[in-house]
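The block underneath contains the structure these notes are about, expressed in structure tokens.
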Amino acid sequence: MKTSFFILLFSITIFSQTDSYYDEGPTCLLPVYDVMPYPIGGIDSIQSRLVYPILAVKNNIRGKVLVQAKIDSLGNVIDVNVVKGIGFGCDEEAVRLISETKFTPAILFDKPAPCLMVIPVFFNQVY
């Protein structure tokens, strides 16, 4: 009985989180963590390293790229995929930024644990 309750609760939690990556900050896809990973230096440190792609500037492209990142128990990014892109070089730049970012590790049951997160990268400069 306890196992089926946990599986049901875990399933409901995961499916209820599928739209959570549209929030304005990083979202861990498995919300059972005691502490979620966080970029060292904060979200602003990611945005401050952004190099706006020339093709995006020429075409006046603005928007948000959602990047899914697998973060290991040491806070290193081990895999990055674009969940929702805007093209014109922005997707590649977002992947580069997140790949080079170091995170605090997720904590699960008082121990560092790997985590899967979706992180927004904003391209909104006006030229």
Side-chain angles (χ1 to χ4, degrees):
M1 181 67 176
K2 285 185 179 181
T3 304
S4 61
F5 175 75
F6 178 75
I7 291 172
L8 175 63
L9 179 62
F10 185 73
S11 300
I12 290 170
T13 307
I14 288 177
F15 290 119
S16 68
Q17 290 294 317
T18 56
D19 289 334
S20 65
Y21 55 77
Y22 292 106
D23 294 341
E24 297 303 315
T27 302
C28 198
L29 296 180
L30 297 174
V32 294
Y33 293 96
D34 299 325
V35 177
M36 288 178 41
Y38 194 75
I40 294 175
I43 295 294
D44 291 336
S45 71
I46 295 173
Q47 289 295 141
S48 67
R49 294 182 291 117
L50 186 139
V51 177
Y52 222 102
I54 294 172
L55 190 58
V57 172
K58 288 181 180 178
N59 290 285
N60 197 28
I61 300 301
R62 289 184 293 240
K64 174 172 53 174
V65 176
L66 297 176
V67 178
Q68 181 183 56
K70 291 180 186 174
I71 301 167
D72 67 13
S73 59
L74 299 174
N76 300 312
V77 177
I78 56 174
D79 189 29
V80 180
N81 297 304
V82 174
V83 174
K84 178 183 165 233
I86 58 176
F88 297 91
C90 296
D91 302 349
E92 293 82 1
E93 177 62 9
V95 167
R96 182 192 70 81
L97 285 172
I98 300 304
S99 296
E100 295 175 356
T101 302
K102 175 79 172 169
F103 288 80
T104 61
I107 304 296
L108 178 63
F109 303 118
D110 296 326
K111 294 181 182 177
C115 184
L116 184 64
M117 294 183 67
V118 175
I119 305 160
V121 179
F122 298 96
F123 292 84
N124 55 12
Q125 293 180 351
V126 178
Y127 290 95

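Side-chain contact between Q68 and V80 is absent, with no heavy-atom pair separated by less than 4.5 Å. Between K64 and F122 the shortest side-chain heavy-atom distance falls below 4.5 Å.
Listed for the D34 side chain is a donor-acceptor partner under 3.5 Å among the backbone atoms of F109. At distances below 3.5 Å, at least one donor-acceptor pair connects side-chain atoms of D91 with backbone N or O atoms of I86. Remark: the backbone N or O of L55 is paired with a side-chain donor or acceptor of N59 at under 3.5 angstrom. For the pair E93 (side chain) and P53 (backbone), a donor-acceptor distance under 3.5 Å is absent. Of the possible donor and acceptor atoms, none in the side chain of Y52 sits under 3.5 Å from a partner among the backbone N and O of C90. Formation of a donor-acceptor pair under 3.5 Å by the T104 side chain with backbone atoms of Y38 is found in this model. With K84 contributing its side chain and P120 its backbone, the two residues share no donor-acceptor pair below 3.5 Å.
Note that the CE atom of M36 and the CD1 atom of I71 stand 9.0 Å from one another [nearest 0.5 Å].
Taking every heavy atom of both residues into account, V95 and S99 meet most closely at O-OG, 2.7 Å. A pairwise comparison of heavy atoms in I40 and S45 identifies O-OG, 3.4 Å as the closest pair. The two residues A69 and I119 come nearest to each other via the heavy atoms CB-CD1, 4.1 Å. Smallest separation of non-hydrogen atoms from L97 and I46: CD2-O, 3.7 Å. Considering all non-hydrogen atoms of both residues, P105 and S73 come closest at CB-O, 3.2 Å.
Open room surrounds NZ on K70; 12 or fewer heavy atoms of other groups in view lie less than 6.0 Å from it.
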**OP:** Give the C-alpha distance, both sets of side-chain angles, the deciding distance and a yes or no for side-chain contact (heavy atoms from CB on, under 4.5 Å) between F123 and V65.
**Re:** CA-CA 8 Å; F123 292 84; V65 176; 3.7 Å; yes

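In the hydrophobic clustering of this structure, Y33 does not group with V35; members are Ile, Leu, Val, Met, Phe, Trp, Tyr whose side-chain heavy atoms approach within less than 4.5 Å, directly or through other members. A single hydrophobic cluster is not seen to contain both I107 and V77; linkage of ILVMFWY side chains at heavy-atom distances under 4.5 Å, directly or through other members, places them apart.
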